[in-house]
Amino acid sequence: MPPQSMKGERVFITGGAGFIGSRLVQALAALNADITIFDNLLQQVHGPSPVIDLPGRMIVGDIRDAAALAGALGECRPTIVVHLAAETGTGQSADEPVRYVDVNVGGTARLIEALKQLKDAPSRVVLAATRAVYGEGAYLDNAGRTTVPLPRQPSEMARGVFDLYDKEGNLLTPIPTPEHVPPAPGSVYGSSKLMQEYLLQQVAAPWQAVILRLQNVYGPGQSLRNPYTGVLSIFCQQALAGRTLNIFEDGNIHRDFVFVDDVVAAFVAACHEPGALGRTINIGTGERTSIHDAAILILRSLGLPTERLAISGEYRAGDIRHAVADITLARALLKWTPNTSFSRGIAQLSAWSMRETT
Ligand SMILES: NC(=O)c1ccc[n+]([C@@H]2O[C@H](COP(=O)([O-])OP(=O)(O)OC[C@H]3O[C@@H](n4cnc5c(N)ncnc54)[C@H](O)[C@@H]3O)[C@@H](O)[C@H]2O)c1
């Protein structure tokens with residue numbers, strides 16, 4: 001159940017001007033929480049001259065800047081911290097590992113040290129983590145045993161072999177991934193996000209962490225100009241520009257697409273549910289959709305011909321074949337359930353994308 005009010009809570013939100021952050025800020029403001037946003041308004045996400053119109057205190061600063069963080073935290077004196085600021089492009093992280101590690105790992109370490117300097121520590125730190133820490137995630141082998149396969153090899157993908165097989169060559173069957181499978185990230189992004197989790201869990205601190213491993217979040221407000229993240233936003237932007245949608249591999253990549261407002265509701269629950277303290281929790285829908293089907297739905301809802309896509313066989317090293325979350329824990333600990341159907345969510349994303357591009 002969502003709280004009636006968060007009056008009296010001072011919430012410090014890194015990355016609060018971003019896609020998920022800006023909607024979370026509005027949800028928390030509606031509950032009368034006192035909000036401080038700390039965000040460097042990264043140009044790749046926000047463009048060259050962003051106009052940010054959000055409730056609360058906006059502090060433009062970089063998570064890598066320890067002095068700026070200390071100043072902002074001293075002003076806010078947070079009771080709750082939500083850490084969203086991050087570099088988020090899986091593909092880009094392979095080309096720019098230093099930037100990704102600096103921001104995602106170094107930034108989190110600096111945030112933790114700055115929090116430890118506070119006279120009164122917050123009660124909880126909620127991390128926007130990712131399903132990318134699972135790599136390929138959970139599968140069943142021929143004998144019905146759960147296994148987590150190693151990341152796919154580019155040499156195999158180059159031969160058009162996209163699915164996952166066991167050592168004997170038997171096809172593995174994807175299943176919803178629960179939180180307890182061992183992490184096996186297949187990208188620099190995933191590794192840097194896993195390190196954020198470890199930092200929050202391994203540091204001696206007076207607060208408790210809540211780690212939300214998000215699946216693919218989509219919806220209105222996701223940057224249409226950032227080419228490195230948000231496949232559905234990228235599809236909308238490309239389709240509206242008259243381009244043919246390039247469907248990678250054989251089109252049978254699957255994702256668990258979860259609507260942004262459902263994710264925001266999970267963050268609100270993570271800020272107040274006692275059962276969430278110290279826990280790592282998947283946030284998704286528990287349902288999977290192929291990229292091919294998602295592209296068709298987007299074209300339809302934009303009123304465009306569904307022939308405007310091409311299955312190219314192209315692939316990206318570090319991409320995951322199938323992703324779907326086991327959300328049993330989220331239902332139990334956050335008393336949360338996703339309630340936006342994929343078609344309803346896509347209709348909202350398409351309508352927003354059309355408004356933004358006209
Ligand atoms: N969107 C998804 O599908 C998804 C999935 C899994 C996890 N996540 C995680 O959720 C969080 C938010 O993602 P989002 O989709 O809202 O991304 P986003 O890019 O829209 O928002 C990130 C925000 O962080 C800010 N930022 C980036 N670098 C910064 C820095 N050095 N200092 C201060 N601020 C900085 C950006 O300006 C931006 O406003 C990220 O941590 C991401 O890893 C997102």
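Counting starts at 1 for both ligands and their atoms, in listed order. Because only heavy atoms are used, hydrogens play no part in the values below, and waters and symmetry mates are left out as well, while side chains stay in.
- Distances shorter than 4.0 angstrom do not occur between any heavy atom of Y218 and any atom of ligand 1.
- Looking at ligand 1, you'll find an N or O of N40 within less than 3.5 Å of one of its N or O atoms.
- Between E87 and ligand 1, no pair of N/O atoms sits closer than 3.5 Å.
- Considering backbone and side-chain N/O atoms, D39 comes within less than 3.5 Å of an N/O atom of ligand 1.
- When heavy-atom distances to ligand 1 are checked against a 4.0 Å cut-off, L42 comes that close through both its backbone and its side chain.
- Within the 4.0 Å heavy-atom cutoff, G230 does not count among the residues contacting ligand 1.
- A salt bridge links R23 to D261: at least one charged side-chain nitrogen sits closer than 4.0 Å to a carboxylate oxygen.
- Some N or O of L84 is nearer than 3.5 Å to an N or O of ligand 1, by distance alone.
- The shortest N or O to N or O distance between I20 and ligand 1 is below 3.5 Å.
- Hydrophobic clustering places I112 together with L127 (ILVMFWY residues linked when any side-chain heavy atoms are closer than 4.5 Å, directly or through intermediates).
- Using a 3.5 Å distance cut-off with no hydrogens or angles, the side chains of S290 and N252 do not pair a donor with an acceptor.
- Looking at atom 20 (O) of ligand 1, its nearest protein heavy atom turns out to be F19 N, 2.8 Å.
- Under 4.0 Å from ligand 1, not a single heavy atom of N226 appears.
- Among the atoms of I63, some N or O lies under 3.5 angstrom from an N or O of ligand 1.
- The pair D34-R57 meets the salt-bridge criterion, with a side-chain N (NZ, NE, NH1 or NH2) lying under 4.0 Å from an Asp/Glu carboxylate O.
- A salt bridge links E249 to R152: one of the charged nitrogens lies within less than 4.0 Å of a carboxylate oxygen.
- Ligand-side atoms of ligand 1 in range of G18: 20 (O), 21 (O), 38 (C), 39 (O), range being under 4.0 angstrom from any heavy atom.
- When non-hydrogen atoms are compared, ligand 1 lies under 4.0 Å from the backbone of Q215 (N, CA, C, O) but not from its side chain.
- Electrostatic pairing of R213 and E179 does not count as a salt bridge here, judged by no charged N lying under 4.0 Å from a carboxylate O.
- If you look at V103 next to ligand 1, the close heavy atoms, those under 4.0 Å, all belong to the side chain.
- For ligand 1, the polar-atom distance check finds an N/O of Y189 within less than 3.5 Å of one of the ligand's N/O atoms.
- The same ILVMFWY cluster, assembled from side-chain heavy atoms under 4.5 Å apart, contains both F257 and L224.
- Electrostatic pairing of D250 and R321 counts as a salt bridge here, judged by a charged N lying under 4.0 Å from a carboxylate O.
- In the vicinity of D62, heavy-atom distances shorter than 4.0 Å reach the ligand 1 atoms 30 (C), 31 (N), 32 (N).
- Looking at L212, V217, D65, it is V217 that brings a heavy atom closest to atom 3 (O) of ligand 1.
- Nearest-heavy-atom check against atom 27 (C) of ligand 1 across A86, A85, S223 picks out A86.
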TODO: Using the ring-ring contact (aromatic ring centres under 6.0 Å, His included) rule, take Y218 and F342 through it: C-alpha gap first, then chi angles, then the decisive distance, then the call.
DONE: CA-CA 10 Å; Y218 74 100; F342 191 53; 5.5 Å; yes
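- Ligand 1 has no atom lying under 4.0 Å from any heavy atom of A132.
- Among the atoms of H83, none of the N or O lies under 3.5 angstrom from an N or O of ligand 1.
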